Amino acid sequence: MSNYTIKILGGGKEVGRAAIEIDRGDSAIVLDYGVNFDPNDNPNLPLQDTPSKIKGFIVSHSHLDHVGALPLYQISGNYPVYGTRITRLITEIMLKDFLKLSGAKLPFEWVEVKRTMDNFRSVDYYKEFEVDSFKVELGNAGHIPGSAIIKVKTEKQTIAYTGDINLTNTHLVSPADLEFLKDVNVLVMESTYGRFNHPDRKVVEEEFYEATKEVLEEGGTVLVPAFSLSRSQEILSVLADRKIEYPVFYDGMVKEITELMIQNPEFINNYPALKRAYDNFKYVEGWGSRNKASRGEGVIVSSAGMLKGGPAVYYFKKVADNPKNGVFLVSYQAENTPGRRLLETGKFDEYSPMLKARFQLFDFSSHAGKDQLKQIIKAASSLEKVVLVHGDPSSSSRLAEEVKRELGIYVEIAENGKEIKL
């Protein structure tokens, strides 16, 4: 029987965020292979192993912190990549945009991105496939359309990697499939929100809609900076589902990703709402249209979600000085971003005046909260070990303490570069 280990290849300060390797000594597979960014927006790449040992990559979903480094291994060879069909389609958009924005800082070029996509094989949920001697199956992770829990069966144990996971029913995605974890012995799980829970989603949606309506009824404009992938489509679906009676505009890479989702309805939880948004809301094309959208009563959903760039910065400057307007954040705001500075100081940067527009943050997180993470662990009735990844040290350690105390299960907190014996 082979001796299996889990290797943590993640880059950046959040352990295991970028990549997990399952190694059987003579061969290995890699689950996700992404990038993180330092405060100066320089990419932090994951660790690498001997190329001849790697037999393939399995991708949980298409966010850059899970797929952004995939082209690295394509420099020296052709390595198969596996994920759901919509993950493949969106990954191509994300990698092309990443190369466009950060190409000078990356060790790969367009040819490696193309090779990555040429080697990307679409697989269906709940259909087992083989990568070398590893038997792999994907189940719904509830994070974004196409996101997957990756289950790996060896002759010794069944290992599951949650990727990013969520148990909240949203317009885009149904909750993660906990039944899929029933036979799992080792659970490698994200711990992003290991310290606290999220508010009830229906309450958040209601508060967001009511706040939006209040601004519009007073003759103002609402700017909603949002990530192009998933968060924008969720917000547009919320507004469409409630049949908002004011104009709604969307800008940035949102259109291309929304169109892919429209073309793959089987991955969308509330497809009618997203289709209504696509049919009735207006895509902003060109600077003239942007200026017009920012002057009228309406909602503007635009990238980037943390106001680090993109059209949202232009709109912010247009709406910020008028107290009739609203700036509503719906995404996590990382340190040293304009969105975080607004939350902490009320200013876009040190040279800006105080924000006069109505300003609120709404928790539309697509990650499981603390109690949901415990619920995920409880679902694995054959569980022997939990390995916590994808979380800052305070989140991971807090969750580990509570799981050990309340559930009596062995928990290991991953460290980048660490090997965990199975």
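Just so you know, these numbers come straight off a predicted model, no measurement behind them.
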Any sub-3.5 Å donor-acceptor pair from [X]'s side-chain atoms to [Y]'s backbone N or O?
| X | Y | result |
| --- | --- | --- |
| R88 | M117 | yes |
| S302 | P225 | no |
| T50 | S52 | no |
| T337 | R340 | yes |
| E207 | V204 | no |
| S397 | S394 | yes |

Crowded around [X] [atom1]? As in, over 12 foreign heavy atoms under 6.0 Å?
| X | atom1 | value |
| --- | --- | --- |
| K55 | NZ | yes |
| E344 | CD | yes |
| K53 | NZ | yes |
| K135 | NZ | no |

Partners of [X] by side-chain hydrogen bond (donor to acceptor under 3.5 Å, both in side chains), sequence neighbours excluded?
| X | value |
| --- | --- |
| Q333 | none |
| D183 | K151 |
| E259 | Y278 |
| Q375 | none |

Exercise. Can you tell me how far CD of E21 sits from CZ of F57, rounded to the nearest 0.5 angstrom?
Worked result: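 F57 CZ to E21 CD: 8.5 Å, rounded to 0.5 Å.
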For this session: Hey, could you give me the CG/OG1 distance between D392 and T192, rounded to the nearest 0.5 Å?
Result: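 These two atoms lie 8.5 Å from each other.
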Exercise. Do the rings of Y250 and Y283 sit parallel, tilted or perpendicular, given the 30° and 60° boundaries?
Worked result: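 Ring orientation, 0 to 90° scale: tilted.
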For this session: Name the orientation class of the two ring planes belonging to H390 and H367 (parallel below 30°, tilted from 30 to 60°, perpendicular beyond 60°).
Result: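 Aromatic pair H390/H367 classed tilted.
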Of all residues at least two apart in sequence or in a different chain, which pass the side-chain contact (heavy atoms from CB on, under 4.5 Å) check with [X]?
| X | value |
| --- | --- |
| F227 | R231, M306, S331 |
| K378 | L407 |
| E210 | E206, K213 |
| D26 | R24 |

Problem set entry | Among R276, H171, E234, side chain to side chain donor-acceptor pair (under 3.5 Å) partner for N270 |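 Only one option passes, and that is H171.
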Problem set entry | Qualifying residue, where the test is side chain to side chain donor-acceptor pair (under 3.5 Å) with H198 and the options are D371, D363, T168 |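 Running side chain to side chain donor-acceptor pair (under 3.5 Å) over D371, D363, T168 with H198 returns exactly one hit, D363.
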Problem set entry | Residues in salt bridge (charged side-chain N to carboxylate O under 4.0 Å, His left out) contact with E285, at least two apart in sequence or another chain |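 Not a single residue meets the salt bridge (charged side-chain N to carboxylate O under 4.0 Å, His left out) criterion with E285.
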For this session: Just jot down the salt bridge (charged side-chain N to carboxylate O under 4.0 Å, His left out) partners of R85, sequence neighbours excluded, or say none.
Result: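 Applying salt bridge (charged side-chain N to carboxylate O under 4.0 Å, His left out) to R85 gives E266.
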For this session: Provide the full list of ring pair (Phe, Tyr, Trp, His ring centres under 6.0 Å) pairs with a residue in residues 392-422, sequence neighbours left out, each pair given once.
Result: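 Checked against ring pair (Phe, Tyr, Trp, His ring centres under 6.0 Å) - neighbours excluded - no pair reaches residues 392-422.
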For this session: Can you run down the ring pair (Phe, Tyr, Trp, His ring centres under 6.0 Å) pairs that involve residues 96-125, sequence neighbours left out, and say none if there aren't any?
Result: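 Ring pair (Phe, Tyr, Trp, His ring centres under 6.0 Å) check on residues 96-125 returns F37-F98.
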